[in-house]
Number of protein chains: 2
Amino acid sequence: MDKMQNLSKNQQIIFDLIDKSSEPMKAYSILHNVQKKGIKAPLQVYRALDKLVEIGKIHKIESRNAFIACHNSSCQVSKATAFSICEICKKVTEISSASLSKYLTNFKDKDGMKYSKYNLEFFGLCKKCR
Amino acid sequence: MDKMQNLSKNQQIIFDLIDKSSEPMKAYSILHNVQKKGIKAPLQVYRALDKLVEIGKIHKIESRNAFIACHNSSCQVSKATAFSICEICKKVTEISSASLSKYLTNFKDKDGMKYSKYNLEFFGLCKKCR
DNA sequence: TTACATAGTGTTATAATATAACAATTTAAA
DNA sequence: TTTAAATTGTTATATTATAACACTATGTAA
């Protein structure tokens, strides 16, 4: 199951909305925005979100309970994500740094354990808000 | 405001509970456990949790909406956290790696921005579950 | 084509997580 | 000791997310 598959009707509607948004969107905000397209219930939104996250088209910003389209074209699946979050304007940007992802993918803990997945959220002030 | 300050009554009750727990605790589970001590309402729990997070005595595991006591005695404030999370048994461990924290603290994004705070959650299988 | 499995949809109800607003009390400093 | 800041108690409500069930569409293998 990869990014190239066709999305279902609800998945496409919801992905298009998130993809057009300049900021992460919350589930109920998505719901309000797609009610005119016939998506009436929270569960319809959450199901589409779950699938979109699973196939890596969107990511969840855990600290915000919000969803953002993936802008890292090289990642087929959503398993190694990093974001910067501005604490003033709340702008969220996906970080795609080869050296960062290499460092984290190869990171071993005390017991020598490596981890296949990670999510990293950086907080600070963006350029505009400094 | 640092870790050494005295905690208030509710803060102490709730910290003790989380600190004794072998796994991250959720807010309403905490509530159920402290009702016999006179803490009756969600807000009383959330207020104590907010404060404990602020002063670095506990951390929130964002991907789980759960709270864990800080086991990294060197961190006075909760601003740079890293955890490993087992996807089977759900065990969460705080990672205290000087090289990891150094790498992330010094990480600069494309624009040269550095970030004062971060939260990193690794997912994989722990030793027991492999 | 038929049948069969898998994925997706629609719907109602409800669970789980978190905050608003207001009044009272305690604590710690000036 | 009086004043400011932090904490508490309380009710109500907002926000985020899932359970359960019935039905429909889609792809695939016989």
Side-chain angles (χ1 to χ4, degrees), chain A residues 1-18 21 23-68 77 90 92 119 121, chain B residues 1-18 21 23-68 77 90 92 119 121:
Chain A
M1 191 156 288
D2 72 9
K3 270 190 164 173
M4 292 302 111
Q5 77 176 140
N6 290 328
L7 300 178
S8 74
K9 180 171 126 285
N10 289 1
Q11 288 161 15
Q12 190 69 58
I13 290 168
I14 287 170
F15 175 73
D16 287 345
L17 179 67
I18 296 172
S21 171
E23 55 191 24
M25 296 194 74
K26 289 171 160 266
Y28 278 73
S29 159
I30 292 167
L31 177 59
H32 293 141
N33 275 277
V34 296
Q35 281 181 325
K36 49 183 171 290
K37 303 218 173 181
I39 297 175
K40 291 176 197 152
L43 199 44
Q44 295 175 289
V45 172
Y46 280 104
R47 282 196 287 225
L49 290 173
D50 284 351
K51 192 63 176 192
L52 291 167
V53 166
E54 182 190 334
I55 64 180
K57 297 277 293 186
I58 65 173
H59 303 302
K60 183 173 186 181
I61 310 301
E62 294 286 355
S63 64
R64 297 278 188 266
N65 298 317
F67 299 85
I68 189 176
V77 199
K90 312 301 179 192
V92 174
N119 180 56
E121 298 178 12
Chain B
M1 186 154 294
D2 72 8
K3 271 191 166 177
M4 292 301 109
Q5 77 176 140
N6 290 327
L7 299 179
S8 74
K9 180 171 126 288
N10 289 0
Q11 288 160 16
Q12 190 69 58
I13 290 168
I14 286 170
F15 174 73
D16 287 344
L17 180 67
I18 296 172
S21 172
E23 55 191 26
M25 293 193 75
K26 289 172 161 266
Y28 278 73
S29 159
I30 292 167
L31 176 59
H32 293 140
N33 275 278
V34 296
Q35 281 181 325
K36 49 183 172 289
K37 304 219 169 178
I39 297 175
K40 291 175 196 152
L43 198 45
Q44 296 175 286
V45 173
Y46 279 104
R47 283 198 286 227
L49 289 173
D50 285 351
K51 193 63 174 190
L52 291 167
V53 166
E54 182 191 334
I55 63 180
K57 297 277 293 183
I58 65 172
H59 304 303
K60 182 172 186 180
I61 310 300
E62 294 285 357
S63 63
R64 298 276 189 267
N65 299 317
F67 300 85
I68 189 176
V77 200
K90 313 300 179 194
V92 174
N119 180 56
E121 298 178 10

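Fair warning: this is a prediction, and the values are worked out from it, not measured in the lab. All chains are named by letter (A, B, ...) in the order of the sequence lines, taking the proteins before the strands, and each is independently numbered beginning at 1.
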My understanding is that only one of Leu49(A), Val45(A), Ile61(A) makes a side chain to side chain contact (heavy atoms under 4.5 Å, CB included) with Phe67(A); could you say which?
Leu49(A)

Leu31(A) CG to dA14(D) P, in whole Å, measures 16 Å

For Asn65(B) and dT16(D), is the shortest distance between a side-chain N/O and OP1 or OP2 below 4.0 Å?
no

Return no unless some side-chain N or O of Ser8(B) is found under 4.0 Å from OP1 or OP2 of dA6(D).
no

Nearest-Å distance for atom pair CG/C1', residues Asn10(B) and dT27(C):
14 Å

Value in whole Å for how far the P atom of dT15(D) lies from NZ of Lys26(A)
9 Å

Where the side chain of Lys9(B) is defined as all heavy atoms beyond and including C-beta, which of dA20(C), dG9(D), dG10(C) is the nearest nucleotide?
dG9(D)

Report yes or no: is there a donor-acceptor pair, N or O only, under 3.5 Å between the side chain of Tyr28(A) and the base of dA14(D)?
no

Between dT7(D) (C1') and Ile13(B) (CD1): distance, integer Å:
13 Å

Distance in angstrom units between Gln44(A) CD and dA17(D) P, rounded
17 Å

Round to the nearest Å and state the distance from Asp50(B) atom CG to dT8(D) atom P.
12 Å

Would you mind reading off the distance between Lys60(A) atom NZ and dA17(D) atom C1', rounded to a whole angstrom?
8 Å

To the nearest angstrom, the CD1-P distance between Ile39(B) and dT11(D) comes to 16 Å

